[in-house]
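In listed order, ligands and their atoms are each counted from 1.
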Amino acid sequence: MNIVDISEWRYTTKHYDKSKKISAEQFEQLLEVIRNSPSSVNSQPWHFFIADNDQAREKIMPAILEFNQPRVADSSHTLVFCIKTPLDEQYLQNLLVQEEKDGRFNDAEVKEMQDKGRRFFINKNSSTPERQQAWEGRQLYIALGQLLFAAASIGIDSTAIEGFDDEKMDDILGLKQKGLKSILVVSLGYRAADDDNASRPKSRLPKEQIFTQV
Ligand SMILES: Cc1cc2nc3c(=O)[nH]c(=O)nc-3n(C[C@H](O)[C@H](O)[C@H](O)COP(=O)(O)O)c2cc1C
């Protein structure tokens with residue numbers, strides 16, 4: 001499939017075939033795609049919780065709005081995307097150490113510039129805790145896009161789920177104590193044979209309405 005075919009094949013799965021599971025190897029690949037997702041100033045302000053068995057799915061289910069519950073219950077894997085609250089000094093240091101370990105800096109000056117640049121952008125987007133969280137959330141949605149496209153490219157179906165109670169999810173997973181906040185849920189698996197949404201035509205605004213040549 002070319003990239004347009006993949007984008008057309010992908011659709012929001014409403015009903016999964018519970019008997020079909022993503023292989024461990026392919027799921028690991030999807031986690032790597034998430035890990036490789038770009039983020040502003042390489043901030044990676046995220047953490048992902050994985051529910052890949054009935055017990056884990058039942059645990060998070062009270063936080064999922066009723067109409068979305070089948071997308072979680074019958075999925076192969078469900079992920080909860082979280083942001084860090086706040087991005088503190090320890091976190092900034094941890095990023096810098098990792099980048100050094102990964103060979104990003106030829107000398108101390110490059111390292112200092114990276115650190116300064118990151119602090120500049122984080123400060124720019126952190127005039128209030130809410131603004132910082134909104135900026136972090138935007139980074140998460142990049143990972144979402146990467147994940148949905150990558151999954152489709154290897155024949156895995158998905159559902160992005162904003163229809164959940166984030167405060168309930170935070171309580172269930174003890175996120176506040178961990179310095180995290182849930183933003184988004186994503187289910188992955190294989191479509192049920194009778195998922196009506198699979199055969200519904202895609203609906204998108206025409207090109208002329210969304211692209212303008214400057
Ligand atoms: C951020 C985000 C949140 C969404 N939340 C839900 C949801 O809670 N439940 C659901 O069934 N679909 C959800 N959707 C699916 C959208 O309704 C869907 O992507 C859109 O209608 C386009 O259809 P398509 O994905 O089948 O092409 C969500 C999609 C996105 C990108």
Colleague: Is it true that Asn68 and Glu66 share a donor-acceptor pair across their side chains at a distance under 3.5 Å?
Modeller: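 Checked: Glu66/Asn68 side chains show no N/O donor-acceptor pair below 3.5 Å.
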
Colleague: Compile the donor-acceptor pairs under 3.5 Å between side chains in residues 199-207 and protein atoms, sequence neighbours left out, one pair per line.
Modeller:
| from | atom 1 | to | atom 2 | distance (Å) |
| --- | --- | --- | --- | --- |
| Ser199 | OG | Asp196 | O | 3.1 |
| Arg200 | NH1 | Asn197 | OD1 | 2.8 |
| Lys202 | NZ | Arg10 | O | 2.8 |

Colleague: Is it true that the side chains of Ser43 and Ser40 contain a donor and an acceptor less than 3.5 Å apart?
Modeller: no

Colleague: Please round to the nearest 0.5 Å and tell me the distance separating atom CG of Leu144 and atom OG of Ser37.
Modeller: 9.5 Å

Colleague: Looking just at side-chain N and O atoms, do Tyr190 and Thr13 make a donor-acceptor pair shorter than 3.5 Å?
Modeller: no

Colleague: Any chance the side chains of Gln132 and Asn125 put a donor and an acceptor closer than 3.5 Å?
Modeller: no

Colleague: Identify, chain by chain and in numerical order, each protein residue with a heavy atom under 4.0 Å from an atom of ligand 1.
Modeller: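 Protein residues near ligand 1 are Arg10, Tyr11, Thr12, Lys14, Phe67, Asn68, Arg71, Tyr141, Ala160, Ile161, Glu162, Gly163, Lys202, Arg204.
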
